[in-house]
Participant: 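Here it is, the structure in full.
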Amino acid sequence: MPADSMSVTRLLYNLRFRAILYQVLAVGSIVLLGLYLFSNVSQKLAEQNIATGFGYLSREAGFVISQTMIDYKPTDTYGRAILAGIVNTVWVSAWSVVLASILGLVVGIARLSRNPLLALLAFLYVEALRNVPLLLYLFLWYALIVTTLPAVREAWEVLPHVFVSNSGLTVPSLIWTRAHTIIIVALVLGGVLAVVLHRRMTAERIRTGKDRTTWPWVAFALLIPPVLAFLIMQPEFAVSLPEKGRFRLTGGSQLTPEFTALLIGLALSASAGIAEIVRSGILSVRKGQWEASRALGLRDGLTMRLIVLPQALRVIIPPLTSSYLSLFKNSSLAIAIGYPDLVMVSNTTMNQTGQAIEGIAIFMLVYLGLSIAISLFMNWYNSRVALKER
């Protein structure tokens with residue numbers, strides 16, 4: 001048999017090569033199928049004189065978005081409007097993840113408390129929130145805010161220049177400028193430099209065995225970029241204070257009822273599932289760890305924080321990833337209470353332009369991209385806390 005034939009045969013019997021080949025063929029087949037379907041749909045739409053393509057994103061939108069985290073005007077483009085919807089979605093989802101994680105951790109630990117009343121309250125919290133659809137809770141929180149709080153003209157001033165009414169929470173706010181953004185970016189850069197420097201100095205200390213003080217250098221790396229940015233940009237720290245007018249509140253920043261109801265609904269609903277994940281992770285740690293720590297004289301709080309939770313993370317992280325993914329996708333229910341997220345803005349765009357396929361494709365790709373980003377980050381973190389063979 002010729003040498004070339006033998007090498008090809010040997011390659012075909014190589015399990016790793018065949019696995020890669022099958023994956024390439026599968027991906028290629030899916031891509032070709034997608035291109036065929038896209039071409040077929042485009043041809044049919046063109047025959048019916050229906051516009052296709054993403055050129056409409058550069059046209060003027062002409063509609064108002066009630067709440068945006070970035071600058072947006074009706075004279076901006078559809079692309080800018082969709083970007084505002086994406087930022088709104090990410091903003092409320094990110095805050096919901098933070099609140100749900102904190103609440104889930106606290107309730108999960110409370111479920112295992114030796115205090116029967118605290119354990120019962122935590123159990124009722126979990127069961128009440130897990131067994132009721134999220135949409136109903138969104139309606140509930142929104143109705144409570146709108147119907148129980150006073151009108152704007154009778155807004156409660158709970159703190160100086162802090163007002164609560166059925167239009168939301170209004171608080172003092174910093175008048176944000178480009179200089180403030182540059183300082184925040186510099187602070188993030190300083191944080192990255194500090195982490196890199198700390199790791200390198202720690203590795204050097206382990207390699208040489210020489211004990212060196214690292215915190216002054218780490219603090220120097222953290223503070224120098226934002227301090228330099230502050231000295232160069234010299235930002236003004238002007239504060240906008242809310243004032244009660246005759247018919248409305250002026251100044252400050254406002255948390256609308258829609259944002260507040262969505263934030264509370266997403267956070268509480270997800271926290272119930274996270275609480276059960278935390279509880280199961282803690283129960284996966286053997287009782288001997290508790291007994292050994294108590295024999296060393298450690299209090300239960302220190303044992304939980306320093307010994308049990310770090311070991312439980314290896315069990316908690318994988319299902320926690322699914323909870324975060326579900327929370328981000330459930331944020332699409334915001335349209336039910338009028339919060340201008342990606343889905344609501346895309347629906348308005350589709351109604352005005354008539355290009356539904358492109359609109360649906362955009363927010364499907366956005367949710368897919370967010371899900372992949374969350375999965376990659378959580379998988380990276382899971383690999384950091386996983387047990388490794390020595």
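Below, each value reflects all heavy atoms present in this structure, side chains not excepted, and no hydrogens, waters or symmetry copies.
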Participant: Under 3.5 Å, side-chain donor or acceptor atoms of residues 302-311 against the rest of the protein: list the pairs with distances, not counting sequence neighbours.
Facilitator:
{"residue": "Thr303", "atom": "OG1", "partner": "Ser293", "partner atom": "OG", "Å": "3.1"}
{"residue": "Thr303", "atom": "OG1", "partner": "Arg299", "partner atom": "O", "Å": "2.9"}
{"residue": "Gln311", "atom": "NE2", "partner": "Gln289", "partner atom": "OE1", "Å": "3.0"}
{"residue": "Gln311", "atom": "NE2", "partner": "Ile307", "partner atom": "O", "Å": "3.0"}

Participant: Enumerate, atom names and distances included, each donor-acceptor pair closer than 3.5 Å involving a side-chain atom of residues 316-323, sequence neighbours excluded.
Facilitator:
{"residue": "Thr321", "atom": "OG1", "partner": "Ile317", "partner atom": "O", "Å": "3.1"}

Participant: Quick one: salt bridge (charged side-chain N to carboxylate O under 4.0 Å, His left out) partners of Arg200, sequence neighbours excluded?
Facilitator: none

Participant: Would you mind writing out the side-chain donor-acceptor pairs for residues 254-270 within the sub-3.5 Å range, not counting sequence neighbours?
Facilitator:
{"residue": "Gln254", "atom": "NE2", "partner": "Ser167", "partner atom": "O", "Å": "2.7"}
{"residue": "Gln254", "atom": "NE2", "partner": "Ser167", "partner atom": "OG", "Å": "3.2"}
{"residue": "Thr256", "atom": "OG1", "partner": "Gln67", "partner atom": "OE1", "Å": "2.6"}
{"residue": "Thr256", "atom": "OG1", "partner": "Glu258", "partner atom": "OE1", "Å": "3.4"}
{"residue": "Thr256", "atom": "OG1", "partner": "Phe259", "partner atom": "N", "Å": "3.2"}
{"residue": "Glu258", "atom": "OE2", "partner": "Tyr142", "partner atom": "OH", "Å": "3.2"}
{"residue": "Thr260", "atom": "OG1", "partner": "Thr256", "partner atom": "O", "Å": "2.9"}

Participant: Can you confirm whether the side chains of Tyr324 and Ser101 place a donor and an acceptor under 3.5 Å from each other?
Facilitator: yes

Participant: What residues, two or more places apart in sequence or in another chain, satisfy side-chain hydrogen bond (donor to acceptor under 3.5 Å, both in side chains) together with Ser326?
Facilitator: none

Participant: With a 3.5 Å cut-off and sequence neighbours excluded, list the donor-acceptor pairs that the side chains of residues 370-378 form with protein atoms.
Facilitator:
{"residue": "Ser371", "atom": "OG", "partner": "Tyr367", "partner atom": "O", "Å": "2.9"}
{"residue": "Ser375", "atom": "OG", "partner": "Ser371", "partner atom": "O", "Å": "2.9"}

Participant: The criterion is side-chain hydrogen bond (donor to acceptor under 3.5 Å, both in side chains); which residues satisfy it with Arg294, sequence neighbours excluded?
Facilitator: Asp300

Participant: Can you name the residues that form a side-chain hydrogen bond (donor to acceptor under 3.5 Å, both in side chains) with Gln352, not counting sequence neighbours?
Facilitator: Tyr78

Participant: Please check if Leu136 and Leu129 belong to a single hydrophobic cluster, counting links between Ile, Leu, Val, Met, Phe, Trp and Tyr side chain heavy atoms closer than 4.5 Å.
Facilitator: yes

Participant: Between CD1 of Ile183 and CG of Leu228, what distance do you get to the nearest 0.5 Å?
Facilitator: 11.0 Å

Participant: Would you say that more than 12 heavy atoms from the other residues, nucleotides or ligands in this model lie under 6.0 Å from the CH2 of Trp95, or not?
Facilitator: no

Participant: Give every residue pair that meets the salt bridge (charged side-chain N to carboxylate O under 4.0 Å, His left out) criterion with at least one member in residues 118-142, sequence neighbours excluded.
Facilitator: Arg130-Glu276

Participant: Relative to each other, are the rings of Tyr137 and Trp141 parallel, tilted or perpendicular (30° and 60° limits)?
Facilitator: parallel

Participant: According to the salt bridge (charged side-chain N to carboxylate O under 4.0 Å, His left out) rule, which pairs have a member within residues 174-185, sequence neighbours left out?
Facilitator: none

Participant: Just checking His180: does its NE2 atom have more than 12 heavy atoms from other residues, nucleotides or ligands closer to it than 6.0 angstrom?
Facilitator: yes

Participant: Please, which pairs that meet salt bridge (charged side-chain N to carboxylate O under 4.0 Å, His left out) have at least one residue in residues 57-75, sequence neighbours excluded?
Facilitator: Lys73-Asp76

Participant: Side-chain donor-acceptor pairs under 3.5 Å in residues 29-41, sequence neighbours left out?
Facilitator:
{"residue": "Ser29", "atom": "OG", "partner": "Leu25", "partner atom": "O", "Å": "2.8"}

Participant: So, do Ser271 and Val107 sit near enough that their side-chain heavy atoms are less than 4.5 Å apart?
Facilitator: no

